[in-house]
Amino acid sequence: MHREFDLIGELEGALRAAAAASGIEPGTFEPGVRTADPRHGDFQANGVLAAAKRSGNAPRPMAEAIASALSGAIREGFEVSVAGPGFINFAARPQLLLGWLKAHASREDLAAGASAAHAGETWVVDYSSPNAAKQMHVGHLRSAVIGEAIARLLGFTGARVVRDNHIGDWGTQYGKLIWACKRYLDEAALERDPIDEFERLYKIGNSAAESDAEVMEVARAELVKLQAGDPENLALWRRINEASLSAFQRIYDRLGIRFDETLGESFYNDKVERIYAELSEAGVSSPSEGAQVVFHPEHPRFKTQPMIVRKSDGAANYATTDLAAILYRSEHFGASSILYVVDKRQADHFEQLFLTARKWFAQRGWAVPKLEHVDFGTVLGEDGKPLKTRAGDHVRLTDLLDEAVQRAYALVTGKSPEFPEDERRRIAEIVGVGSVQYADLSQNRSSDYLFSWDKMISLEGNTAAYLLYAIARIRSIFRRQGVECGDPAAESGADAFQTPGEIALARRLVKFADALRLALESLRPHFLCLYLYELAGEFSTFYNADKVIVADPVARARRLLLCSRTLLVLETGISLLGIRTLERM
RNA sequence: GCACCCGUAGCUCAAUUGGAUAGAGCAUCUGACUACGGAUCAGAAGGUUGCAGGUUCGACUCCUGCCGGGUGCGCCA
């Protein structure tokens, strides 16, 4: 039985061995296996072309030599051929497909196979990270959704993941806010909706400070008092943060997000002194105009645009806390990698931050974690401009999710009016929220994306509802047949796949490993979305062509096996995206 | 001014980071078993990948120059 989860990895190993056996110097040949266009088979190796070019040999004979040196086990599993200028093509035989599917019968089986990718690594994922005292709005959506999906993918593939919510809970905005709280706080309003009230107060404080220098002075003094530990201000600050966190948590609950750590900027208050000292001792920073700054002379921009690590008034800013966070994550969590799921407009900041951290760590002789800015584009309205309400305000995330659920409810009620109301509500929550998440994840994160209710909640195309529908339909087959999905007794009689629909579906299923690899190598969940969408489409084709519940027990077992594995992969994949699944809809 | 990103079918997006004939969905058109859930499926049509050069066996992808759009840039995050 075939047990290798990662078929591409297996083929690459076999090709290396075959190359060595046919006299090619080890290290000069990278197999370069990838999934192929189905016309050419399942997998293709492109590496011969590059290797032949380097060594000055003709690629075609080289490819033939390597192909004929492949082990018997590979030839048993794959039909091997050489095509074009020197591609080596592999078509999986039905028996191999069957073996793979039998060997991967549960989520645990898949996880065991996948976990080789990042075993032993610790990844800190910094995502969501909203500012306290403000409503989460549509601008906070992508970081939360993409960050969660990446964290889940990393965990599934073997990494130890630390999910860290780097809340903006410290800084200049608190002076103005406290100033306003002491004068205009409405206790009744605070009781009703604390964030709303704090947001209102912040706006008052902000505009007062802007138009009145005296207010600005008092606000600044309030901030200094807070930072000095004044009990009254500190109590107010705590109250603001507690209210903020519990409001955020309500959103996170709906999105299925749970952080391991919530180490906001304030957490680093007592850690910034060390940063100032470290940076100047390491010779990385220099004084400039009363501030402590870092220049990078070798960089086209940062030779003139400094990173300010300490303001001229002596206070820290976000650059300081970000540096302190790198150190803490490195020392305390032993991070091998740190990811920042943050808007692409902050690209300059992160480039500067990483340059600085690398120089500093190198000076100290410390291992630098891999640092990566996982950027994403802006959510745009139908007019192509950043999404706003008609009044021109930010769209609150609660309102956005509520509207998604409401639209999903209308849809479910239209399609399945016979379901009890509470079930339709439950389905609507999953479909509505899932549609928002999926619309975000299914697109390359780096580009801006157009927010469209109609496309998002639609049942057609690459949407959450399409995937969830495929799941519901498979579940329905098992209900009707009266067997549990994955019941070994129902599958044990299966023989190798025969019809075009069966074979195409099985070939798609074994490529789950590749979808994970693609999504993780580039930290782009849309590769997994695309795979799941194509899998669901392949299932629908199969379902329309081949009846599952047939009299022939062998054919039935074969098809039930395919249904069960399709369900498994769809549910596993969707859950890795952070989206919940359902039984029927 | 400097720096970065983007430009692919009418529309919204892909293209495994240099691989084979650039793929999907929507919209348009043609079909499908009295339905294991038709919220489906099969098919047709739709392209000089912004423009012009270059690099090589091979370019949407890399380089150069234009054109068009966006973003960021000393004490906010």
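Note on naming: letters A, B, ... go to the chains in the order of the sequence lines (proteins, then strands), and numbering restarts at 1 for each one.
Classified by its glycosidic torsion, rG74(B) falls in the syn category, the angle being within 90° of 0. Nucleotide rU17(B) carries a syn base; the chi torsion (O4'-C1'-N9-C4 or O4'-C1'-N1-C2) is within 90° of 0.
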Side-chain donor-acceptor pairs of residues 466-475 of chain A under 3.5 Å, sequence neighbours excluded:
residue   : atom : partner   : partner atom : Å
Arg473(A) : NH2  : Ser540(A) : OG           : 2.9
Arg475(A) : NH2  : Glu571(A) : OE1          : 3.2
Arg475(A) : NH2  : Glu571(A) : OE2          : 2.9

Taking distance alone, no hydrogens or angles, what donor-acceptor pairs closer than 3.5 Å link side-chain atoms of residues 373-383 of chain A to residues at least two apart or in another chain?
residue   : atom : partner   : partner atom : Å
His373(A) : NE2  : Val342(A) : O            : 2.8
His373(A) : NE2  : Asp343(A) : O            : 3.4
Asp375(A) : OD1  : Arg445(A) : NH1          : 2.9
Asp375(A) : OD1  : Ser446(A) : OG           : 3.0
Asp383(A) : OD1  : Lys385(A) : N            : 3.0

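A gap of 30 Å separates the C1' atoms of rG23(B) and rC66(B), to the nearest Å.
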Treat primed atoms plus P, OP1 and OP2 as sugar-phosphate and everything else as base, then score nucleotides 7-20 of chain B 5' to 3': B for base contact with protein heavy atoms under 4.0 Å, S for sugar-phosphate contact only, - for none. -----SSSSBB-BB
Interface polar pairs with nucleotides 37-41 of chain B, N/O, under 3.5 angstrom:
residue : atom : partner   : partner atom : Å
rG37(B) : OP1  : Ser476(A) : OG           : 2.7
rG37(B) : OP2  : Ser476(A) : OG           : 3.3
rG37(B) : O2'  : Tyr469(A) : OH           : 2.8
rG37(B) : N7   : Ser476(A) : OG           : 3.3
rG37(B) : N1   : Met585(A) : O            : 2.9
rA39(B) : N6   : Ser416(A) : OG           : 3.2
rA39(B) : N6   : Met585(A) : O            : 2.9
rU40(B) : OP1  : Leu459(A) : O            : 3.2
rU40(B) : O2'  : Arg473(A) : NH1          : 3.4
rU40(B) : O2'  : Asn544(A) : OD1          : 3.2
rU40(B) : O2   : Asn544(A) : ND2          : 3.4
rC41(B) : OP1  : Tyr466(A) : OH           : 2.5
rC41(B) : O4'  : Asn544(A) : ND2          : 3.4
rC41(B) : O3'  : Thr541(A) : OG1          : 3.3

Is there any protein nitrogen or oxygen under 3.5 Å from a nitrogen or oxygen in nucleotides 74-76 of chain B, and what are the pairs?
residue : atom : partner   : partner atom : Å
rG74(B) : O6   : Ser288(A) : OG           : 2.8
rC75(B) : O2   : Ser312(A) : N            : 2.8
rC75(B) : N3   : Ser312(A) : OG           : 3.2
rC75(B) : N4   : Glu289(A) : O            : 3.1
rC76(B) : OP2  : Lys311(A) : NZ           : 3.0

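Both key distances under 3.5 Å define a Watson-Crick or G-U pair, and stretches of 3 or more such consecutive pairs in RNA chain B run B:1-7 with B:67-73, B:10-13 with B:23-26, B:28-32 with B:40-44, B:50-54 with B:62-66.
In this structure, CZ of Arg475(A) is placed 16 Å from C1' of rC36(B), rounded to the nearest angstrom. The CG atom of Asp375(A) sits 13 Å away from the C1' atom of rG72(B) (whole-angstrom rounding). Across the protein-nucleic acid pair, Phe350(A) atom CZ and rC4(B) atom P stand 19 Å apart, rounded to whole Å. The distance between atom CG of Asp383(A) and atom P of rG70(B), rounded to the nearest whole Å, is 13 Å.
Arg301(A) comes within 4.0 angstrom of a base, heavy atoms only.
Note: Trp237(A) and Trp170(A) have perpendicular aromatic rings, judged against thresholds of 30 and 60 degrees for the angle between ring planes.
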